[in-house]
Each structure stands twice: as C-alpha cells, then as structure tokens.
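Below is one structure, written out as structure tokens, with a few remarks after it.
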Amino acid sequence: MEDTEPLLAGRSGRSGGRRLNGHCRWSTRTMESKMVEDFRRRLKYFFMNPCEKYRARGRKPWKLMLQILKIAIITVQLVSFGLSNEMMVTFKEQNLMTFRHLFLKGYKDHHLGSYALYTKAEVYDHIHYIINRYVNLQNLTVGNLAYERTDGQYTPLSVCQEFYRNSSIDPGNETFHIDPRTDKDCISIFPGQTVDNGSVATRVNFSLDFKRLLSVSIYLTLKTINLQTVRHHELPDCYDFHIMIMFDNRAHSGKIKVNVVNDVRIYECRDWNVEGISDKNDYLLLSFDSVVILACFTSLILCLRSVINGIQLQFEFNIFFHAYYNKIVSWSDRMEFVNGWYILIIVSDSLTIAGSALKIGIQTKYLTNYDVCSILLGTATMLVWVGVIRYLGFFKKYNILILTLRAAFPNVIRFCCCAAMIYLGYCFCGWIVLGPYHDKFRTLDKVTECLFSLINGDDIYATFLNVSDKSYMVWLFSRLYLYSFISLFIYMVLSLFIALITDTYETIKHHQQDKVPVSQLQSFIAECRDQPESGRYQTDEEPGSCCVSPCCCFG
C-alpha cells in the first residue's frame, strides 16, 4: 500500500478548494469524492470475474456460457474430422506402400532413400519392370485400381528423361565440356501394349546416356475408391493417384536413387448407391459445422466488444490519473485493461471459422486441403483448451500458474534472446566443422535439433560415439565442442532459466499471502471496499464519453 498514500495525498491537495477550468467548476469536495468513488467502483466492476459480475448486477454470464458451449462443440467437431482424416491418411499411405511393392522390383520395405541402383542393366531392367507391371495391372493387383480415362481413351504411362543438352566428359584425362542447359524427352506407353526387355529399345525407341542423364521420371495415374468409410456411415470418396517414380542421377556418383511420389486428388464419386445410406448424415454434419461457425462468430463479436471497452476505459483511467494525481500511468498498468484471454479467444474463433469453412468445402468435395484444415482446427482446439485455465483462475488458489507465466514472460523473452546468440554460434560452428564427420550435423536444421536434444539430455552418448575418427584434429575438436556446449547450457543456461521462473513464482506467492497490491492501478482499486453483494453496483451508470467529471475538463 505504499503507492496508495501519495495517491490519497494528491487527491486531498486538489480537493481542498475550488478550481475553474473553462466553464466547469468543482463546487464541493463531496461531489469530487463521489465521482472518484464511482469511477473506482466502475474499475473494480470491470476487473470482476463473471460470477462476481452476476452477483453485483444480476447480469447472466452469457459470454462464459458461450465459451463452455464452444469447448464442447469444437472438441466434437475436431474428433469427427480427426476420425475422417485418419481414414483418409491411412488409405493414402497404404496405397503408396502398395505402389512401391507393385512397381519397384524386389522392394522389401526399404527405408526412405535407401532403394538405389548401381548398374546400367539394373536401371533398364527396373524401367521395363515398371512398364510391364502397369500394362498388366488388372491381372496383378488385389485392390480396386483402374486406369484413368480421358475422352474415352486410357491415360498412358509416360517415361521422361532429363539430361544435359551437350557434354563431353573424360575423367581419365581429367577433361570435360558441358552445357548446363537441360532437355527433356518423353515416350508414352498405353495399357494393353506389352513391352519386354528385348524389344524395348526398338519398339519404343528408348535409350539413356548415363553421362548426361540427370533423372528418369515415370508418370502414371490410377483411380480407386475408399470403401472403408461406409462402415463409419460416410459416403466413399473417389481418388485419383498421380504417381511419379523418379530415378535420380543428379549427383552422378554411381548411385541412382529411386523414389515414389504420390499426389492425390479426392472428389465425389459420379454415381453411387449405398443401401440404407442417405444424404441425411451429410446434412447433419454440415448443419453442425454451421452451428460451430455461428457460435464462434458470436463469441468473436462479444470478445471484440470487450477488448474495445477495455481500451476505452484505459484511456479514461489515464486521463483521470493525470488530472487527479499528476502522474503518468505505467505501461504495465495500461496493459491490465487489455485482457489477453480475449485476444486468445479472438484468434481461436478466427481459426475455427476458417477451419470449419474448409471442412465444409472438404465434405462437399469442392476442396481437398486436409492439411490446412487440420492445422486450423487443431490449433483452434488447442487454444480453446488452453483458455480453460482462465476459468480456473477465478479461484484464488488455482491462478498462480497464470500469474507466474504473465509476470515471468518479459524476463524469459529477454533471457532467451541472450541465450539464442550463444546457441546460434554453436549451431553454425557445429555445422561447418562436424558436418562432414557426423550425420546429426550434416545440415543446419539437423544441428539445431541435435543441440536442442542435447540440452534436454537426450542421446548424449550416441552423439559422442558417432563422431568419425578419420581426422584426429576434428575428433578432438568435437570433444571440446560437445563438452563445452553441454556444460554451458545444462549446468548454467538451463539452471538460470529455471531459477528465473522460480524467483517469479516466489514473488507472486509472497504477494498473494500478504495481499499487497503490486501496482498503482491495484492500489487505486483496492480502496473500494464495496462487495459484489452490496447492491452499490446496481445504480452505476456507464458514462458515454467522459471519464468521471461531468465536464470532461481534466488536464
């Protein structure tokens, strides 16, 4: 209460006599004191929680009830979309694995990037194998795969090779001449056209110049239907799989990597008939998503109104404080009027509205942006559930986490900025020195992930062990590098970071126990002793434009 005495002294000095300012006159000390008490009561009402506001004025907490309703319906929406998304992702991944086993010769569930070829005969053999598997697909696959038709004709398989326009390379004489510009040549194979190893060069005129070759890409399109959704009372979707099998020879290292890339287009089937299934389920889902959008839009408007009211009250308090006490309101006190939870709700509502709109587009088959929709709805639901902490904060014993996070945030940001400079220095150093000798330091993003794991004590011994000992100098440097980084960040930086938050927690806990106001704003409001049940808040009228004085003549 140290700040309270100067405030009261400043107010008493100004209320001892009369003062003229334009056409306004403060007639008596009683009138001035009443206006100050009314404004103090208004501030206290603004910072009450919904339950206290209900006891003070009898206004039902519609915003609180809407937020509770939102938590339920948004969670139900996310679970529904998650189950549908899970079936879609599983179907895509299983088909991708099917394509690898169908078209890659001898594929045995290799790790990504480990499937490679090393001889010319292997490359030709694998290309022939893919073509033959494609033209005989209907006799091989156990799935519901079919060729794509365009204008009544099957879409062909395309084999395209990309190569340097001109080159002359002789490693033995250490000479080369190369034109970096590239050309692309393609041939088409239609279903039903059989190709064997002995006649491919003569029948389709296909040959490779491996000295100039950059890549060979095989493009094919297959169609199928995802029938598993029927068991979950959803209409099956039709899928177009645009498959690219790429033989990558850009490194010219004697190793040609083979990879399968799958691009999917999902759309509504042209003609369908499922016994016992109607459009009713789709209409219910669309109606439910519309309810979610309406609830979030209403919440967005209410929270925007509250934020605007808080900003207006902040300006009024600033004018009042300067007029009565001739003091400038601190920035931290001003930010008290901007409720961060409302900002969180506004962001969450915006993401939910956008995600629900995308979800409606996906259900009606106009859009297929599952990833974007998942990010929007997932982030929105996370923020909604984080916002539940706000309601726990209404209870004094549960709000210490919120107060600690809010008080420690500025210091934590400043501390992290300083630590980041040291961290980035180690990242660049590790990347350039240890990159050629350690897989975890091969790229800059791998370095950042590796060092962050080391800070948390993960995989420390394996990082030491996997450093190559081909160069003794680099091996010795790696030991000094890793020992210094781990010692600095685990024993010093991380300990200081924890101590920073712990110190803030102890400070907040001390203020809660002693019930001492920690700011001028809280000291000013603490002078109002009226309880919510006192009935004094029933007669308060919200002023339209002035802060406390009838003439708005402060300052």
Side-chain angles (χ1 to χ4, degrees), residues 92 94-108 110 113 115-165 182-225 238-250 255-267 270:
K92 286 170 57 178
Q94 291 179 351
N95 273 275
L96 180 59
M97 185 59 64
T98 298
F99 299 144
R100 287 172 177 165
H101 281 275
L102 280 175
F103 297 113
L104 298 184
K105 186 175 181 180
Y107 185 82
K108 299 295 182 182
H110 294 269
Y115 191 90
L117 308 176
Y118 299 91
T119 65
K120 297 179 180 180
E122 287 180 336
V123 175
Y124 279 116
D125 187 34
H126 279 72
I127 294 175
H128 303 155
Y129 182 83
I130 293 170
I131 296 174
N132 278 317
R133 300 286 278 191
Y134 175 73
V135 298
N136 296 308
L137 182 66
Q138 298 294 340
N139 299 326
L140 296 173
T141 181
V142 298
N144 295 318
L145 296 174
Y147 303 116
E148 183 186 42
R149 285 179 179 269
T150 303
D151 298 330
Q153 187 179 11
Y154 287 123
T155 301
L157 174 147
S158 298
V159 182
C160 299
Q161 58 171 315
E162 185 180 5
F163 49 88
Y164 290 120
R165 181 170 295 181
T182 61
D183 288 333
K184 194 171 185 179
D185 185 24
C186 298
I187 63 171
S188 298
I189 308 294
F190 289 87
Q193 178 181 349
T194 305
V195 180
D196 54 38
N197 294 353
S199 61
V200 63
T202 59
R203 295 183 60 178
V204 299
N205 191 23
F206 182 78
S207 62
L208 302 174
D209 184 354
F210 288 92
K211 291 186 177 181
R212 294 191 296 157
L213 182 67
L214 291 174
S215 66
V216 177
S217 300
I218 301 178
Y219 303 93
L220 55 105
T221 302
L222 298 175
K223 303 171 71 69
T224 187
I225 301 175
C238 287
Y239 287 68
D240 280 353
F241 289 99
H242 300 277
I243 307 161
M244 182 184 73
I245 305 173
M246 185 175 183
F247 297 75
D248 188 2
N249 191 42
R250 289 185 175 87
K255 175 182 178 180
I256 296 180
K257 298 179 181 179
V258 184
N259 192 23
V260 180
V261 180
N262 186 19
D263 187 22
V264 184
R265 187 175 73 89
I266 306 172
Y267 57 94
R270 183 180 307 171

Could you check Leu220, Leu137, Thr221, Leu157 and say which one makes a side-chain contact (heavy atoms from CB on, under 4.5 Å) with Tyr147? Leu137
Would you find a donor on one side and an acceptor on the other, under 3.5 Å apart, between the side chain of Tyr124 and the backbone of Leu208? yes
Can you sort out the partners of Lys105 under salt bridge (charged side-chain N to carboxylate O under 4.0 Å, His left out), two or more places apart, ordered by chain and number? Asp125
Only one of Leu213, Leu214, Ile218 forms a side-chain contact (heavy atoms from CB on, under 4.5 Å) with Phe247, so which one is it? Ile218
Closer than 3.5 angstrom, by distance alone: can the side chain of Gln138 be matched with the main-chain N or O of Leu145 as a donor-acceptor pair? yes
Please check: side-chain N/O of Tyr107 versus main-chain N/O of Met97, any donor-acceptor pairing under 3.5 Å? no
When you measure from the side chain of Ser158 to the backbone of Ser188, do you find a donor-acceptor pair of N or O atoms at a distance under 3.5 Å? no
Side chains of Ile245 and Tyr219: does their closest heavy-atom pair fall under 4.5 Å? no
Any heavy-atom pair between the side chains of Ile225 and Asn144 that's under 4.5 Å? no
Those residues that, when tested against Val264, pass side chain to side chain contact (heavy atoms under 4.5 Å, CB included) (two or more places apart): Lys92, Tyr239, Phe241, Asn262, Ile266
CE of Met244 to OG of Ser217, rounded to nearest 0.5 Å, is 5.0 Å
For atom NZ of Lys223, decide whether the heavy atoms of other residues, nucleotides or ligands shown that lie under 6.0 angstrom number more than 12. yes
Residues in side chain to side chain contact (heavy atoms under 4.5 Å, CB included) contact with Thr98, at least two apart in sequence or another chain: Leu102
Does any N or O in the side chain of Arg212 come within less than 3.5 Å of the main-chain N or O of Tyr164, such that one atom is a donor and the other an acceptor? yes
Drop me the distance from Tyr134's OH to Leu140's CG, to the nearest 0.5 angstrom. 13.5 Å
Heavy-atom side-chain proximity of Ile243 to Val261 below 4.5 angstrom: no
Rounding to 0.5 Å, atoms NZ (Lys211) and CG (Asn249) come to a distance of 13.0 Å
Among residues at least two apart in sequence or on other chains, which ones pass salt bridge (charged side-chain N to carboxylate O under 4.0 Å, His left out) with Asp248? Arg250
Contacts of Arg149 that satisfy side chain to side chain contact (heavy atoms under 4.5 Å, CB included) - sequence neighbours left out: Tyr154
Among Lys257, His126, Arg100, which residue meets the side chain to side chain donor-acceptor pair (under 3.5 Å) test with Tyr115? His126
Report yes or no: does Thr119 contribute a side-chain atom to a donor-acceptor pair with the main-chain N or O of Glu122 at less than 3.5 Å? yes
Kindly compute the distance separating NE2 (His242) from CZ (Arg265), expressed to the nearest 0.5 Å. 6.0 Å
Measuring from atom CE of Met246 to atom SG of Cys160, what distance do you get when rounded to the nearest 0.5 angstrom? 11.5 Å
Sequence-distant partners of Glu148, side chain to side chain donor-acceptor pair (under 3.5 Å), two or more places apart: Thr155
I'd like to check Val258 versus Leu117 (side-chain heavy atoms, cut-off strictly below 4.5 Å). Are they in contact? yes
May I ask you to test the Phe210-Ile256 pair for a side-chain heavy-atom distance under 4.5 Å? yes
